[in-house]
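The chain is numbered in sequence order, starting from 1.
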Amino acid sequence: MKPVVLLIGKLPHVIGNVAEELDHLPIQWLGAHDQPEVVRQLETEPRIECVIMGAGLDDQIRGDLIGIIAALRPDVCIHLKDRTSGPEGLVPFVEQVVQMQVLAPPKRAAAAV
């Protein structure tokens, strides 16, 4: 079963484009572009492993969403894209987060010596 990642962005087609560009990754992508959709996704999909939020939303909305996500799903990490890399930085950011956070093999605790 593929891991699930929730992408949150300002425009629905932006999220769709990210999923299309990264369809080579073994990920099930979910998208949300407003607060009600974020809540719905979090409440209906228990397998979400992480949330990645684009930089197009204003700070107040991003802050509100962080609070909602943390309250509903304290088990998931929330990753915020920087604004300086612009819209073209979204796909590389998402890919890097997914490779390191979701797809990387779990690190084993060092054996006690």
Side-chain angles (χ1 to χ4, degrees):
M1 193 173 297
K2 292 181 180 180
V4 179
V5 173
L6 175 59
L7 301 173
I8 303 172
K10 189 172 183 178
L11 301 172
H13 72 275
V14 171
I15 299 306
N17 291 344
V18 170
E20 284 179 15
E21 289 188 50
L22 297 176
D23 68 351
H24 61 281
L25 297 173
I27 296 292
Q28 178 183 339
W29 303 102
L30 297 177
H33 63 277
D34 60 20
Q35 182 174 327
E37 182 64 15
V38 169
V39 170
R40 187 184 74 71
Q41 296 283 19
L42 292 171
E43 289 180 341
T44 60
E45 180 50 76
R47 297 182 308 117
I48 293 173
E49 292 195 22
C50 76
V51 173
I52 302 173
M53 194 178 310
L57 300 170
D58 72 43
D59 288 340
Q60 181 66 48
I61 293 171
R62 283 166 55 124
D64 291 347
L65 289 173
I66 290 168
I68 290 166
I69 296 163
L72 291 174
R73 292 291 305 276
D75 59 310
V76 301
C77 290
I78 305 166
H79 302 274
L80 302 174
K81 186 199 161 293
D82 69 285
R83 289 198 168 104
T84 58
S85 64
E88 61 277 355
L90 183 58
V91 170
F93 176 75
V94 170
E95 184 166 23
Q96 181 179 13
V97 168
V98 168
Q99 291 285 5
M100 294 177 67
Q101 175 78 32
V102 180
L103 299 177
K107 294 184 178 173
R108 299 177 191 208
V113 179

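Under the 4.5 Å side-chain heavy-atom criterion for ILVMFWY residues, a single connected hydrophobic cluster contains both Leu7 and Leu103. In the hydrophobic clustering of this structure, Val4 does not group with Val97; members are Ile, Leu, Val, Met, Phe, Trp, Tyr whose side-chain heavy atoms approach within less than 4.5 Å, directly or through other members. Hydrophobic clustering, with ILVMFWY side chains joined whenever heavy atoms are under 4.5 angstrom apart, groups Ile78 together with Ile61. Under the 4.5 Å side-chain contact rule for hydrophobic residues, Leu25 and Leu90 share a cluster.
Note that CG of Leu30 and OG1 of Thr44 are 7.5 Å apart. Values are rounded to the nearest 0.5 Å. Between atom CD of residue Glu37 and atom CG of residue Leu42 there is a gap of 10.0 Å, rounded to the nearest 0.5 Å.
Panel note: side chain Lys81, backbone Gly86; a donor-acceptor pair is recorded below 3.5 Å. Judged purely by atom type and a 3.5 angstrom limit, Arg73 has no side-chain atom pairing as donor or acceptor with the backbone of Cys50. Not one N or O on the side chain of Arg62 forms a donor-acceptor pair closer than 3.5 Å with the backbone of Gly56.
Residues Pro3 and Pro26 share a closest heavy-atom pair of CD-O, 3.2 Å. For the residue pair Ser85 and Glu88, the shortest heavy atom distance occurs at O-OE2, 3.1 Å.
Considering only heavy atoms from C-beta on, Val18 stays 4.5 Å or farther from Phe93 through its side chain. Looking only at side-chain heavy atoms (C-beta outward), Ile27 and Leu22 stay at 4.5 Å or farther from each other. Ile66 places a side-chain heavy atom less than 4.5 Å from the side chain of Leu80. Between Asp59 and Arg83 there is a side-chain heavy-atom pair separated by less than 4.5 Å. Between Gln35 and Leu65 there is a side-chain heavy-atom pair separated by less than 4.5 Å. Side-chain contact check for Met53 versus Ile69: some heavy-atom pair is nearer than 4.5 Å.
Under a cut-off of 6.0 angstrom, the local environment of CD in Glu45 is crowded, with over 12 non-hydrogen atoms contributed by other residues, nucleotides or ligands.
Side-chain polar atoms of His24 and Glu95 form a donor-acceptor pair below 3.5 angstrom.
Here the options are Asp34, Ile52, Leu57, the test is side-chain contact (heavy atoms from CB on, under 4.5 Å), and the partner is Ile8; only Leu57 passes.
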